[in-house]
Amino acid sequence: MNIKLLIGSLTLTFLISCQEESLQNPKPRAYPRFEFPDRNYVPFLESDCPLQFEYPDYMVPVKDTTYFDQAPPHPCWFDLHMPGFNADLHCTYSSVRGYGEFQTLVQDAFRLTNEQNKRASFIEDFKIQRPNGISGMAFNLEGPS
């Protein structure tokens, strides 16, 4: 009699535990797909910048005017705005004349990213390593930052 009760209660427990758990926020079934427009590359040639590169024509260069409530230290600070994606690619240029100046720039990069902790919903940092031995850090910020 006790064995039948034990087997019955184990069976009942097993059947109850096999129910699908209801989630309040279900996960999406697929990742969103981004449809990038056809791109034609435009040369970036600004007199204030010692840089030359090409960018897609759906991006709009916008001159950066503030740096921590001050003027930028170099006139070659700009954003590449992507109106169709509500996104900006921030670009800054600084000449490096020594290791101390390099360390200051690294601290500024981390400080700028840390300032976004108040607004960003996600911040990821990852190391970039090139085959020629050059390495660096990149930050991926998501949300209203």
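Index from 1, following the sequence.
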What about Val106 and Val96, same hydrophobic cluster or not, with Ile/Leu/Val/Met/Phe/Trp/Tyr joined at side-chain heavy-atom distances under 4.5 Å?
yes
Under the disulfide (SG to SG under 2.5 Å) test, which residues partner Cys49, sequence neighbours left out?
Cys76
Determine whether the aromatic ring centres of residues Phe110 and Phe139 are separated by less than 6.0 angstrom.
yes
Does Trp77 reach the side chain of Cys91, with side-chain heavy atoms less than 4.5 Å apart?
no
Can you confirm whether Met82 sits close enough to Leu80 that some side-chain heavy atom of one is under 4.5 Å from a side-chain heavy atom of the other?
no
Count I, L, V, M, F, W, Y as connected when their side-chain heavy atoms are under 4.5 Å apart, and connections chain through other members. Are Leu89 and Phe78 then in the same cluster?
yes
Please say whether more than 12 non-hydrogen atoms of neighbouring residues, nucleotides or ligands are located less than 6.0 Å from CG in Asn140.
yes
Output yes when a side-chain donor or acceptor of Asp88 lies under 3.5 Å from a complementary backbone atom of His90, and no otherwise.
no
Taking all heavy atoms of Pro56 and all of Arg39, pick out the closest pair and write down the distance.
CB-CB, 3.9 Å
Drop me the distance from Leu112's CG to Thr92's OG1, to the nearest 0.5 angstrom.
8.0 Å
Using every non-hydrogen atom in the two residues, find where Val62 and His81 come nearest and quote the distance to one decimal.
CG2-CB, 4.2 Å
Residue pair Phe85 / Pro37: nearest heavy atoms and the distance that separates them
CZ-CD, 3.8 Å
For atom OH of Tyr99, is the number of surrounding heavy atoms from other residues, nucleotides or ligands below 6.0 Å larger than 12?
no
Examine Phe53 and Met59 and state if one hydrophobic cluster contains both, with Ile, Leu, Val, Met, Phe, Trp and Tyr joined whenever side-chain heavy atoms are less than 4.5 Å apart.
yes
More than 12 foreign heavy atoms under 6.0 Å from CZ of Arg111: is that the case here?
yes
Check: Ile123 and Thr113 side chains under 4.5 Å, non-hydrogen atoms
yes
Can you tell me how far apart CZ (Phe44) and CD (Glu54) are? Round to the nearest 0.5 Å.
12.5 Å
Minimum-distance pair of heavy atoms, taken over all atoms of Ser135 and Gln129
CB-OE1, 3.2 Å
Listed partners of Glu46 passing salt bridge (charged side-chain N to carboxylate O under 4.0 Å, His left out), at least two apart:
none
Under 4.5 Å between side-chain heavy atoms, counting indirect links through other Ile/Leu/Val/Met/Phe/Trp/Tyr residues: same cluster for Tyr55 and Leu51 or not?
yes
Measure across Pro83 and Tyr58 and return the closest heavy-atom pair with its distance rounded to 0.1 Å.
CD-O, 3.6 Å
